[in-house]
Number of protein chains: 2
Amino acid sequence: MAKEMTTTAEDSAVTNPPNPLGDLRMTKQRKVVYDVLMDEQRDHPTASEVFIRAKERMPSISLATVYNCLETLTHVGAVKQVNVDREASRFCPNLQPHAHFFCSECQEVFDIDLKKQAEATTPWQLPSGAEVDHLDVTMRGKCPTCSEENSKAAL
Amino acid sequence: MAKEMTTTAEDSAVTNPPNPLGDLRMTKQRKVVYDVLMDEQRDHPTASEVFIRAKERMPSISLATVYNCLETLTHVGAVKQVNVDREASRFCPNLQPHAHFFCSECQEVFDIDLKKQAEATTPWQLPSGAEVDHLDVTMRGKCPTCSEENSKAAL
DNA sequence: ATCCTTTTTTAGAATAGTTCTTGATCTAAA
DNA sequence: TTTAGATCAAGAACTATTCTAAAAAAGGAT
């Protein structure tokens, strides 16, 4: 079937830069959405915010597509979906294991790196036999900046 | 107007069992909702599930009221609202600091006690100046039971 | 290139969970 | 008993998200 010189998926995996999407296509839309997360403010935008930013680069893109792309990117592990309470999901391209700090003052989300052997030092004890696939650590409070501004204002 | 023997809010605070609602009224509806969480399966029901159970005790109660009551109870700290991803919020009356384990197989939520000096042993490091009001630890995976049943099934 | 098949995109409808609105009801105090 | 405020009930409204169906795009095979 395949001609001798035909490139296969395996070939391109070797010759091309690794596709963060795996076997799925890196379409224009997916690239735009991914780039918005990678290039811009790295501020954990919601889907709607990604949509607004993506439109600047590709005015024809639709909200449904942004949702699709974010879903795909999340699914293949290229970005992470961050949920704080029941607010709109936010997305970030930080693939390191990390926690999130949500400032209830400025409403921003900050990444908090998790130390290496996280499991070894957790302040909880899993029942034996439990298998953890995914750990989610979120804090709410005041970020250093807002915390400082508050104490200034009090003077 | 008031007769000498009239009880005031302050009086009853001393003579009556402490009202978990603080100054707010412990109405029939609030009591039913609270009791549903306290008495029944302690299985982290959603608002709709609480509604169904509450109706058994008070058929006239409305869903909106259940939401109101849950909100009030959460607000005064009598129950905790548990969010896993973007699924419907669940509610639990466990006031000890604890994490949640969500089994992706049986869809149940389990409480995982947090060790005492949680702060001392966290696998993360907060930026100096950050103030944490609330810590949220959620795990997803397979609970011991489902994990075991899977290995049985494989035989 | 052209056809064929599959994937992806688009726009809008639909959905789920939750919140809001309004008027009725209850409660506690005066 | 009256009154003011709190609470409740029913349903409408809202928001974030998912679904649907049809059009467009992307590859590969011919």
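All chains are named by letter (A, B, ...) in the order of the sequence lines, taking the proteins before the strands, and each is independently numbered beginning at 1.
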Residue pairs involving residues 45-98 of chain A (criterion ring-ring contact (aromatic ring centres under 6.0 Å, His included); sequence neighbours excluded): A:His98-A:His100

Salt-bridge present (A:Arg53, A:Asp43; N to O < 4.0 Å): yes

Non-neighbouring partners of A:Gln29 that pass side chain to side chain contact (heavy atoms under 4.5 Å, CB included), sequence neighbours left out: A:Thr27, A:Met58, A:Ile61, A:Thr65, A:Cys69

Touch class at under 4.0 angstrom, heavy-atom based, for B:Thr46 against every strand present: nothing

Set of residues satisfying side chain to side chain contact (heavy atoms under 4.5 Å, CB included) with respect to B:Pro97, sequence neighbours excluded: B:Leu114

Sugar-phosphate, base or nothing in reach of A:Asn68, heavy atoms under 4.0 Å: base

B:Thr27 side chain near D:dT7 phosphate (N/O to OP1/OP2, under 4.0 Å): no

Below 3.5 Å between N/O atoms, which protein atoms pair up with nucleotides 23-27 of chain C? Just atom names and distances, please.
none

For atom CZ of B:Phe51 and atom P of C:dA16, their distance in whole Å: 16 Å

Along DNA chain D (nearest heavy atom to each residue), the more 5'-positioned of A:Asn83 and B:Gln29: B:Gln29

Pair listing, side chain to side chain donor-acceptor pair (under 3.5 Å) test, anchored in residues 125-136 of chain A, at least two apart: A:Glu131-B:Ser147

Under-4.0 Å side-chain N/O to phosphate OP1/OP2 contact, A:Thr65 with C:dT9: no

Selected nucleotide, minimal atom distance to B:Ala64 side chain, candidates C:dT10, D:dT17, D:dA10: D:dA10

DNA chain D contacts among residues 84-93 of chain A, heavy-atom distance under 4.0 Å: A:Ala88, A:Ser89

Separation of atom CG in A:Leu24 from atom C1' in C:dT6, rounded to whole Å: 13 Å

Inter- and intrachain pairs under salt bridge (Lys or Arg N to Asp or Glu O under 4.0 Å), touching residues 55-79 of chain B, at least two apart: B:Asp39-B:Arg57, B:Glu40-B:Arg57

Selected nucleotide, minimal atom distance to B:Cys69 side chain, candidates D:dT17, C:dT10, D:dC8: D:dC8

Minimum side-chain heavy-atom gap A:Cys106-A:Thr145 below 4.5 Å: no

Candidate nucleotides C:dT18, D:dA16, D:dC8, ranked by approach to the side chain of A:Tyr67 - the nearest: D:dA16

Sugar-phosphate only, base, or nothing, as touched by A:Ser60 at under 4.0 Å among non-hydrogen atoms: sugar-phosphate

Whole-Å distance separating the CE atom of B:Met58 from the P atom of D:dC8: 9 Å

Rounded distance (Å) that lies between atom P of C:dT9 and atom CG of A:Leu70: 11 Å

Value in whole Å for how far the C1' atom of D:dA25 lies from CE of A:Met26: 17 Å

Spacing between A:Arg30 atom CZ and D:dA24 atom C1', to the nearest angstrom: 14 Å

Interatomic distance, B:Leu63 CG vs C:dC20 P [rounded to whole Å]: 14 Å

Separation of C:dA16 C1' from B:Glu49 CD (nearest whole Å): 14 Å

Those residues that, when tested against A:Lys28, pass side-chain hydrogen bond (donor to acceptor under 3.5 Å, both in side chains) (two or more places apart): none

Spacing of A:Trp124 atom CH2 and B:Ile112 atom CD1 [to the nearest 0.5 Å]: 10.0 Å

Salt bridge (Lys or Arg N to Asp or Glu O under 4.0 Å) contacts in which one or both residues fall within residues 84-105 of chain A, not counting sequence neighbours: A:Asp85-A:Arg140

